[in-house]
There are 2 protein chains.
Amino acid sequence: MQTKTRNTKQKKVILEVLKGTDSHPTADWIYEQARKVLPDISLGTVYRNLRILTESEVIRELNYGSTYSRYDGNPVEHYHFVCTKCQRVFDVPIEVLHDINTKVEEATGWRVEMHRMEFYGTCEDCNQSNCYQN
Amino acid sequence: MQTKTRNTKQKKVILEVLKGTDSHPTADWIYEQARKVLPDISLGTVYRNLRILTESEVIRELNYGSTYSRYDGNPVEHYHFVCTKCQRVFDVPIEVLHDINTKVEEATGWRVEMHRMEFYGTCEDCNQSNCYQN
DNA sequence: ATAGGTGCAAATGTTTTGCTGTCAA
DNA sequence: TTGACAGCAAAACATTTGCACCTAT
């Protein structure tokens, strides 16, 4: 929780990079892109800003299945699909199940605030081109 | 992919520890418990076996929201609830949505093999006792 | 002016790995 | 007997943090 937040050029660039892609990139990829604009930006700054942006819900952090996080410039609730061959992450074009949180609350004594859903499988490219690719 | 797998006492103890709890423990917690039975077991061995057991789908690895993984001794598909106050992970007592994978396949060109869903909120204990606890 | 942010490098914490010896099959 | 696995410690890896300087407000 911050009281004030400054709008630095580093933060602007990081957000632009993230908003300008739909590839759900890693912190390192964002760092490499940001360096093209600000060559002296540091990886620590990238992480610091990604954290601040996540906490203020301007972006979202995704951490499924791997040892590192990916980031999503779209803060609106939606589901993700992870291709287990090429490791890419896609948005899933189906409606978010708004009523399921209530269903869980009714079945338990919990207060349910949100849910996440991730699908796993193989994407169109990997299905079509080469099933035996890594 | 292993051709053969040996059934060592270390692997047995690790699996017993994991099957004997519903707390979705971390590798380190499993290590501490296993040491009570096998004082010389190493953390590396715990990780190695957890990986082997995950790959053979005897157990499941959970990695939501934190920097470390938790493990689930129940390989049957089910959903999880993460309490954002006490950080505990619970099983969710609702049916798994079997048909939603097909729905996603129909809306895309992907082959969908499985999905995961995690709910976030506050558990019964945290709701009742002390809302201001960490 | 000043509090929040930056770059840099070191530290952290989890997980993996290389090596040599051991043991289950 | 032998190859898969153990223990140990070092390495790897993503991420965080301390510090002195800088800059947006």
Side-chain angles (χ1 to χ4, degrees), chain A residues 1-18 23-56 58-72 82 87 89, chain B residues 1-18 23-56 58-72 82 87 89:
Chain A
M1 299 295 158
Q2 291 269 108
T3 42
K4 265 182 205 174
T5 321
R6 276 166 45 181
N7 199 15
T8 62
K9 56 187 175 188
Q10 288 86 347
K11 185 189 289 177
K12 273 184 212 155
V13 169
I14 289 165
L15 195 51
E16 273 164 25
V17 167
L18 197 46
S23 71
H24 308 85
T26 61
D28 204 66
W29 187 91
I30 296 166
Y31 170 58
E32 290 305 332
Q33 301 306 308
R35 280 177 70 178
K36 294 178 183 170
V37 186
L38 301 173
D40 288 336
I41 196 172
S42 73
L43 188 53
T45 295
V46 172
Y47 274 107
R48 245 183 313 241
N49 278 297
L50 288 172
R51 170 183 274 259
I52 290 169
L53 290 166
T54 301
E55 281 169 358
S56 53
V58 176
I59 67 173
R60 281 180 193 267
E61 184 179 359
L62 316 177
N63 42 5
Y64 321 133
S66 26
T67 51
Y68 48 86
S69 287
R70 290 175 169 274
Y71 295 86
D72 189 337
V82 182
Q87 313 301 325
V89 177
Chain B
M1 299 295 159
Q2 291 269 109
T3 42
K4 269 181 202 172
T5 321
R6 274 166 45 184
N7 198 14
T8 61
K9 57 187 176 187
Q10 288 84 352
K11 188 189 287 176
K12 274 183 210 154
V13 168
I14 289 165
L15 195 52
E16 272 166 24
V17 166
L18 197 45
S23 71
H24 308 84
T26 61
D28 204 67
W29 188 90
I30 295 166
Y31 170 58
E32 290 304 333
Q33 302 305 308
R35 281 177 70 177
K36 293 178 183 170
V37 185
L38 301 172
D40 288 337
I41 196 172
S42 74
L43 187 54
T45 294
V46 171
Y47 274 107
R48 238 181 321 238
N49 279 297
L50 287 173
R51 169 184 274 259
I52 290 170
L53 290 166
T54 301
E55 281 171 357
S56 53
V58 175
I59 66 172
R60 281 179 192 270
E61 184 180 358
L62 315 177
N63 42 4
Y64 323 133
S66 24
T67 52
Y68 48 86
S69 287
R70 290 175 170 274
Y71 295 86
D72 189 337
V82 182
Q87 313 302 324
V89 177

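Here is how names work: the chains are called A, B, and so on, in the same order as the sequence lines, proteins then strands, and each is numbered from 1.
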Verdict with supporting geometry, B:Q33 and B:K36, side chain to side chain contact (heavy atoms under 4.5 Å, CB included):
CA-CA 5 Å; B:Q33 302 305 308; B:K36 293 178 183 170; 3.3 Å; yes
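At a threshold of 4.0 angstrom between heavy atoms, the contacts of A:D28 with the nucleic acid are absent. Within the 4.0 angstrom heavy-atom criterion, only backbone atoms of the sugar-phosphate kind lie near A:S69; the bases stay farther away.
OP1 and OP2 of D:dT23 both lie 4.0 Å or more from every side-chain N or O belonging to A:Q10. Remark: B:N7 is not in phosphate contact with D:dA4, judged by side-chain N or O atoms under 4.0 Å from OP1 or OP2.
Between A:K9 atom NZ and C:dG4 atom P the separation is 20 Å, expressed in whole Å. With rounding to whole Å, B:L50 atom CG is found 9 Å from C:dT15 atom P. Atom pair B:I52:CD1 and C:dT15:C1' shows a separation of 15 Å (rounding to whole Å applied). The interatomic distance linking A:N49 (CG) with D:dT23 (P) rounds to 16 Å, in whole Å. Atom-to-atom, NZ of A:K11 to P of D:dT25 comes out at 9 Å; the value is rounded to the nearest Å. In this structure, B:L53 places its CG atom 13 Å from C1' of D:dC5, rounding to the nearest Å. Atom C1' of nucleotide C:dT16 and atom CG of B:N63 are separated by 16 Å, given to the nearest angstrom. When rounded to the nearest whole Å, the span between CG of A:L62 and P of D:dA14 equals 17 Å.
Applying the salt bridge (charged side-chain N to carboxylate O under 4.0 Å, His left out) test to B:E32 and every residue at least two apart in sequence or in another chain returns B:R35. A:R60 is linked by a side-chain contact (heavy atoms from CB on, under 4.5 Å) to A:D72, A:E77, A:M114, counting only residues two or more places apart in sequence or in another chain. In this structure B:V37 satisfies the side-chain contact (heavy atoms from CB on, under 4.5 Å) test together with B:V13, sequence neighbours excluded. Remark: B:R6 engages no residue in a salt bridge (charged side-chain N to carboxylate O under 4.0 Å, His left out) (not counting sequence neighbours).
Listed nucleotides: C:dG5, D:dT15, D:dG7. Nearest to the side chain of A:T8: C:dG5. Distances from the side chain of B:S42 to the nucleotides C:dT15, D:dG7, C:dT6 place D:dG7 closest.
Over its length, the helix from C:dA1-D:dT25 to C:dA25-D:dT1 turns its helix axis by 40°, as judged from the five terminal pairs at each end, rounded to 10°.
Here the closest heavy-atom approach between residue A:A27 and residue A:V46 is recorded as O-CG1, 3.8 Å.
In this structure, CH2 in A:W29 is found 14.5 Å from OH in A:Y71, a value given to the nearest 0.5 Å.
Between B:I30 and the options B:L50, B:N49, B:L15, a side chain to side chain contact (heavy atoms under 4.5 Å, CB included) holds for only B:L50.
Within the 4.5 Å cutoff, the side chain of B:T8 has no heavy atoms near those of the B:T45 side chain.
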What pairs of nitrogen or oxygen atoms, one from the protein and one from nucleotides 16-22 of chain D, lie under 3.5 Å apart?
from, atom 1, to, atom 2, distance (Å)
D:dT16, OP1, A:R51, NH2, 2.8

